[in-house]
Number of protein chains: 2
Amino acid sequence: MESGRTEPSRTELSRREQIYRVAGRLFSERGYHATSMRDLAAELGIQGGSLYAHISGKEELLSEIVQRAARQFDEALFSLRTEDLTPQERLREAMSRHLTVIAENMETATVFFHEWKHLSQEPLAAVITWRDGIEAFYRELIAEGVEAGVYRTGLNIKMAANLVLSSVNWAYTWYRPGGQLSPQDVAASFEQMLLSGLEQPVPARPMQEEN
Amino acid sequence: MESGRTEPSRTELSRREQIYRVAGRLFSERGYHATSMRDLAAELGIQGGSLYAHISGKEELLSEIVQRAARQFDEALFSLRTEDLTPQERLREAMSRHLTVIAENMETATVFFHEWKHLSQEPLAAVITWRDGIEAFYRELIAEGVEAGVYRTGLNIKMAANLVLSSVNWAYTWYRPGGQLSPQDVAASFEQMLLSGLEQPVPARPMQEEN
DNA sequence: CCTACCGATCGGTAGG
DNA sequence: CCTACCGATCGGTAGG
């Protein structure tokens, strides 16, 4: 359990993590380009140039933050594909986990949604591929439910997936982690509204006796 | 119909408009801080310093673009409050107009949603007030429908408004103006799913004869 | 609208 | 991790 001499020391490891964490916060608050390496260093109590002992450059920070966010979504969601659940359970669970990732990483999520366009070619392409994958994932969830007969037959699967993704992704703009609502509460509320609709259901015919 | 000498000439007016328009495009593509005044000038075929004959500074550009976006939403939506419509019609119409504003001004909308945080105190406060007003507007639309008995009685009005706003706002990330879907198509699809739900309605009892 | 310039600040490096 | 520095670029201005 003792760490060897040639590995990065514990303090250096945590320093690098500190840098990523503070960078995530500053990028989310001020934006990537409006955050200078000296701003970042000052928050850590070191000089600007000292950062380069731990990281290779500014874009590595953005790239790492965005990739971590994508990985968190992947880890939370893709295992769902093989779990034995009804379509509604699967959708509810996906929304719940998706919202949880955002709610527990509001800063990272904000950077993810706002700054990914500033990545260089390679990580940029990776993000676009990732996004396509997530969209396909939700379309599959919906299509599965339509095939099982639990969702409306005429449903536009692409638009339905779009609607679900809108509802969970937009949470990064309004969710407040310390508040009364847990991510699960939000997911339950959204899912209930999305599945059953906002409208008072019109009974097929006037209510008769309760069975 | 002839313009007087003391008014800004037609070319100067259109120059200022050109600046706003190009700035909107560049800010949406690269972000506010990653767009330099020289980038902007180059797109217009002039020197960087020449911009300051037409505008007071970089932030004026952002402020103007954001304020115009807010005004467009206001003009499209707030007249709805006094129009004589059923709650569902009113909600549908609000979503349709909201989406239309975004769809017809994708660049401005992108700047609006991504860069408003970089405004200075005064315009920043105005945007926050605007956002609160829009949220209140949608909550009113929903509450109205609940009171009229057309939306579910137990509906969480705040969450429902949140869901509606998510669906329309997120469109700035995926809508493609040249595509097959008009904003009205999207609004109709979203509204139908939101009101009636994704789920196949379970009839209260097995289908009997029609009517 | 241009030329020429300002001070400030940027990301990053050398050498210790 | 610091000092001292690099060239590049920033938003903006003076004077024409």
Side-chain angles (χ1 to χ4, degrees), chain A residues 5 7-27 29-66 111 115 117-124, chain B residues 5 7-27 29-66 111 115 117-124:
Chain A
R5 287 241 177 73
E7 296 170 18
S9 70
R10 282 176 56 101
T11 56
E12 179 162 355
L13 261 183
S14 89
R15 199 43 145 173
R16 186 193 274 249
E17 278 311 308
Q18 277 179 52
I19 293 173
Y20 287 137
R21 219 155 292 175
V22 175
R25 178 165 57 79
L26 294 186
F27 290 174
E29 288 168 1
R30 314 180 188 179
Y32 175 67
H33 279 106
T35 304
S36 75
M37 295 303 272
R38 282 160 182 79
D39 290 340
L40 176 55
E43 291 273 328
L44 293 156
I46 60 177
Q47 296 300 313
S50 305
L51 287 168
Y52 295 85
H54 302 96
I55 56 156
S56 69
K58 190 179 183 183
E59 185 173 338
E60 186 207 313
L61 293 176
L62 180 59
S63 175
E64 180 71 20
I65 290 166
V66 168
V111 176
E115 313 291 347
K117 281 188 182 174
H118 299 126
L119 288 167
S120 59
Q121 211 184 13
E122 196 184 350
L124 182 67
Chain B
R5 287 240 178 75
E7 296 170 20
S9 70
R10 282 178 56 101
T11 58
E12 178 163 355
L13 260 184
S14 89
R15 199 42 144 173
R16 185 193 275 250
E17 277 312 308
Q18 276 179 54
I19 293 174
Y20 287 136
R21 218 156 292 176
V22 175
R25 178 165 57 79
L26 294 186
F27 290 174
E29 288 169 1
R30 312 180 189 180
Y32 174 67
H33 280 105
T35 305
S36 76
M37 296 302 273
R38 280 161 183 79
D39 290 341
L40 177 54
E43 291 274 328
L44 292 156
I46 60 177
Q47 296 300 312
S50 304
L51 287 168
Y52 295 85
H54 302 97
I55 55 156
S56 68
K58 192 180 183 184
E59 185 174 339
E60 184 205 315
L61 294 175
L62 179 58
S63 175
E64 181 71 19
I65 290 166
V66 168
V111 176
E115 313 290 350
K117 281 187 182 177
H118 299 127
L119 288 168
S120 59
Q121 212 185 10
E122 196 184 351
L124 181 66

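Below, read A as the first sequence line, B as the second, and so on, with proteins coming before strands; counting in each chain starts at 1. Side-chain atoms are counted along with the backbone in the values below, which use heavy atoms only and exclude waters and symmetry mates.
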Quiz item: Of the candidate nucleotides dG12(C), dC1(C), dC2(C), which contains the atom at the shortest distance from the side chain of K58(A)?
Solution: dG12(C)

Exercise. Could you tell me the separation between the CZ atom of R15(B) and the C1' atom of dC2(C), rounded to a whole number of Å?
Key: 13 Å

Quiz item: So what's the dot-bracket for DNA chain C: Watson-Crick or G-U pairs under 3.5 Å, [ ] if a pair crosses, | if it pairs off-strand?
Solution: ||||||||||||||||

Quiz item: Hey, is the side chain of H54(A) poking within less than 4.0 Å of OP1 or OP2 on dC1(D), counting only N and O atoms?
Solution: yes

Practice problem: State whether R38(B) places a side-chain N or O below 4.0 Å from either non-bridging phosphate oxygen (OP1 or OP2) of dG12(D). | Solution: no

Practice problem: Return no unless some side-chain N or O of Y52(B) is found under 4.0 Å from OP1 or OP2 of dT13(D). | Solution: no

Quiz prompt | S36(A) side chain near dT9(C) phosphate (N/O to OP1/OP2, under 4.0 Å) | solution = no

Exercise. Rounded to the nearest angstrom, tell me the gap between atom CD in Q47(A) and atom P in dG12(C).
Key: 17 Å

Quiz item: Under a 4.5 Å cut-off applied to non-hydrogen side-chain atoms, are R30(A) and D39(A) in contact?
Solution: yes

Quiz prompt | Sidechain N-carboxylate O distance under 4.0 Å for E60(A), R16(A) | solution = yes

Quiz item: Any donor and acceptor pair, going by atom type alone, linking the side chain of E59(A) with main-chain N or O of S120(A) inside 3.5 Å?
Solution: yes

Exercise. Look at the side-chain N and O atoms of S50(B) and state whether any lies under 4.0 Å from the OP1 or OP2 oxygen of dC2(C).
Key: yes

Practice problem: Nearest whole angstrom, please: distance from the P of dC10(D) to the CG of L51(B). | Solution: 13 Å

Quiz item: Quick one: D39(B) CG to dC10(C) P, roughly how many Å, whole number?
Solution: 18 Å

